[in-house]
Amino acid sequence: MKRNASRTLVLACLALCFFSNCPNRQSPVQRGIRDQILHVGNFSEPEDLDPHIVTGNVEFNIVMALVEGLVGQDPKDLSPVPGAAERWEISPDTMTYTFFLRPSGRWSNGDALTAHDFIYSFKRILTARLASEYAYMLYCMKNAEAYHRGEIADFSLVGVSAPDRFTLRISLARPTAYFLSLLQHVSWYPVHPPTIEKFKAFDTRGTRWTQPPNFVGNGPFVLKRWNVNTVVVVEKNPFYWDASSVRLNAIHFYPIESNQTEERAFRSGQIHLTYGVPLTKLDWYRTNRPELLHITPYLATYFYYVNVTRAPLNDRRVRAALAMTIDREALVKNVLKADQAPAYCYTPPNTAGYTCTSAVAYDLEKARALLSEAGYPEGKGFPAVELLYNTSETHHTIAQAVQEMWNKNLNISVSLVNQEWKVYLATTHALDYDIARGGWIADYVDPNTFLNMWVTGGGNNRTGYANPVYDSLIARADNCPGRQRRLGFFQQAEAILLNDLPIIPVFFYTNQSLIHPAVKGWYPTLLNQHPYKNLYLESDG
Amino acid sequence: MLKFVVRRLTLESIPTLLFVATLTFFLIRLAPGGPFSAEKNVPPDVLKRLEAHYGLDKPLLVQYRDYLLNALRGDLGPSFKYPNRTVNELIAVSFPVSLELGIYALAMALAVGIAIGLLASARKNSAADYLSMSAAMMGICVPSFVLGPLLVLVFGIWLGWVGVSGWATPSDRILPAITLSAMYVAYIARLTRGGMLEILSQDFIRTARAKGAGGMRVVFVHALRGGLAPVVSFAGPAMAGVITGSFVVETIFQIPGLGRFFVTAAFNRDYTMIMGTVLFYATLIILFNTAVDILHVWLDPRLRN
């Protein structure tokens, strides 16, 4: 009997050890600090890792570790620093850039990285059959747009050439003040020609070249493992030109879609860095663990599209009245609570040195007067207007608050309409709405990424707005080599935008992350990008 | 018996699958928004190329015919959302995870549910009956998105006994299986109780008792087989349910199962993935239901003729 009891006890202990985590076993975070392995929450399963195909931040976050463009990013402010090119020269008219590649530059299989690889890559993304959604990012290069649209068939006419193996010359179609920042975008990243050819991926999407062990990159890390909906593992690339300064041995990216689950994973020591923070947990971290919570400005604006083709919103005075009666301060303080900044203009402040000098006022008296002038004194006779947003608790709460503000301040009734994401997209694209939620995240650090979208017929201008003066100012800024003059054109254009109000800016986004104190070399940046080669793990005590 | 199985799997299943495929194919095309629409506008010429790449530029009936012919060959096509993966590959990778989770959850639900049900039926209208049925009712009432995080908080974070998310270690299986099984425990307990009470009131049980059979023998030898018939009926759809309906649990615990694809494919308008998962699950449900019918025949001798 006694023997049986002890056997049962031993079996129970073994079962417990098998099924449970031993209490004294180190967590992934602790082991990561010891072995220089960073565990990162990365929101969702990456759609692909082909730099010429991907379109989302989730994918960018991983591709940035695997591939490097001509210029890199300063970890503190993302300003251009030498990357695959060790230096560059700009012609006096700023129309030609000459990049000098590192002779020591290597692909992760040991092949030399040459200027011809870049030409091959640019040709690939501009090949229409590949159907790259970001091919337009290369349109500032001479004849790139014509080649992509099939207007010219000879790629040698496109403004890129290689005077020698390690020199790349790019001629621009127009002076592009933000060209070096633009080069940091993944669409300009190189792909390894022999790998692309091997998988017949030059003009075909969806081949296996992006899966391990096929992926060949030139970045600080190489792709080791990609388990669907589980983890993407990248390890240090010994062939990387600056491998000696890369301190992390590996990064594990976890596709954790629920920010509640992610926060629990952080708390239990599974990840060092989260993609977001649940709104309900912000106050707790602020009070109890402020050293873990990082809220930083993000180059993105939350706004409402206004359909200017529909009455009564085709009247500028009505749009102005609506814009002037949103109490943005109260909204960010009481509803959003994550240190967002109220948006009285569209471009976030200090975007590459540009801060809009015009503003939408919060002026209830003037708003009521404008509404009255438009024929709706004290809101009387104001027709039924709908405010559309895609399904989300946050959008719903914001819309409710704005609805209440308009009702209280203008005595008008706006009904809320909630649509599932793809339905919402179809509705806004078809201009079948009155007012709709919108958000815009910058592709690069320059006001052009925000203001260019409102030109007449622009693909993202889903408001019906058209103003030739605005269009000409954006075009002049586009062609202007002088920095101050260029910013001046943007100031004038944004002043017009804020006067015409085809959009109502609401707030500027922030990024919220939980970061383990051992993560070093992480700095807040406007695009929430953090060059991995500069990150490392070190325990404080 | 063989004739019955063959008839079920051919004459009845194939038209059902064809109906499901046809309905799904045309319904998803009616939903507004397409697989490539995004917040940032996709240039029209790029969109055309994308549609041509996936054959979406062909007439709908041609697309339907092509899809069915490919599906017959076992090719469910490429995923629109994950271009470097095929639907077959995604199902092959993620279904075993959902199946494993489902098996654990259902096994746990059956073991606990039947035990509670037997206890309640044996002590009818006693405190034990009321208590166990109330506990079972709690399992139905507490949704998995409440129970899951609560279990994680206690056993994962405070006590640190088990993993809180992922599917890497054996300990990662415990909390998701408990969470997913909770609702089924409750149903099975109530079905067992009901079935047992009905059987225990029948004449042959009285005869068995009269012949001197003890309480345990009556329950386990004479009554259990018949008393579990409702549970068996429930187990087929329940098995399909625990596998397909694990979206919430998979999200809470970050489990790489098929349940998430089943739901997100619809949101993403990933046409091939929607078709693939729907057809796959429809096949599974048909198979489970057939298995249940066979089991019924085995359990109830009257059905054999």
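Here is how names work: the chains are called A, B, and so on, in the same order as the sequence lines, proteins then strands, and each is numbered from 1.
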Option in [options] with maximal non-hydrogen atom pairs under 4.5 Å from chain B:
options: A:Gln270, A:Arg267, A:His429; result: A:Gln270
options: A:Gln211, A:Glu262, A:Gln419, A:Met453; result: A:Gln211
options: A:Ala128, A:Ser268, A:Ala426, A:Gly269; result: A:Ala128
options: A:Gly56, A:Ala131, A:Gly438; result: A:Ala131
options: A:Ser258, A:Gly459, A:Ala430; result: A:Gly459

So which part of [X] gets closer than 4.5 Å to some heavy atom of chain B, the side chain, the backbone, both or neither?
X: A:Pro46; result: backbone
X: A:Arg264; result: both
X: A:Ser27; result: neither
X: A:Leu425; result: side chain
X: A:Tyr424; result: side chain
X: A:Arg462; result: side chain
X: A:Gln260; result: neither
X: A:Trp440; result: side chain

B:Tyr54 and B:Tyr271 aromatic centres sub-6.0 Å: no
Ring centers of A:His395, A:Tyr302 separated by less than 6.0 Å: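 Yes, the ring of A:His395 comes within the 6.0 Å limit of the ring of A:Tyr302, centre to centre.
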Any residue of residues 90-101 of chain B which, by heavy atoms, sits under 4.5 Å from chain A: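 B:Leu90, B:Val93 fall under the 4.5 Å cut-off.
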Electrostatic pair A:Arg205-A:Asp50, nearest N-O below 4.0 angstrom: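 No.
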Selection from B:Ile252, B:Leu153, B:Asp45 maximising heavy-atom pairs under 4.5 Å formed with chain A: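 Heavy-atom pairs under 4.5 Å are most numerous for B:Ile252.
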For the student: nearest non-hydrogen atoms of B:Pro143 and B:Cys141, plus distance: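 So the minimum-distance heavy-atom pair works out to CD-O, 3.1 Å.
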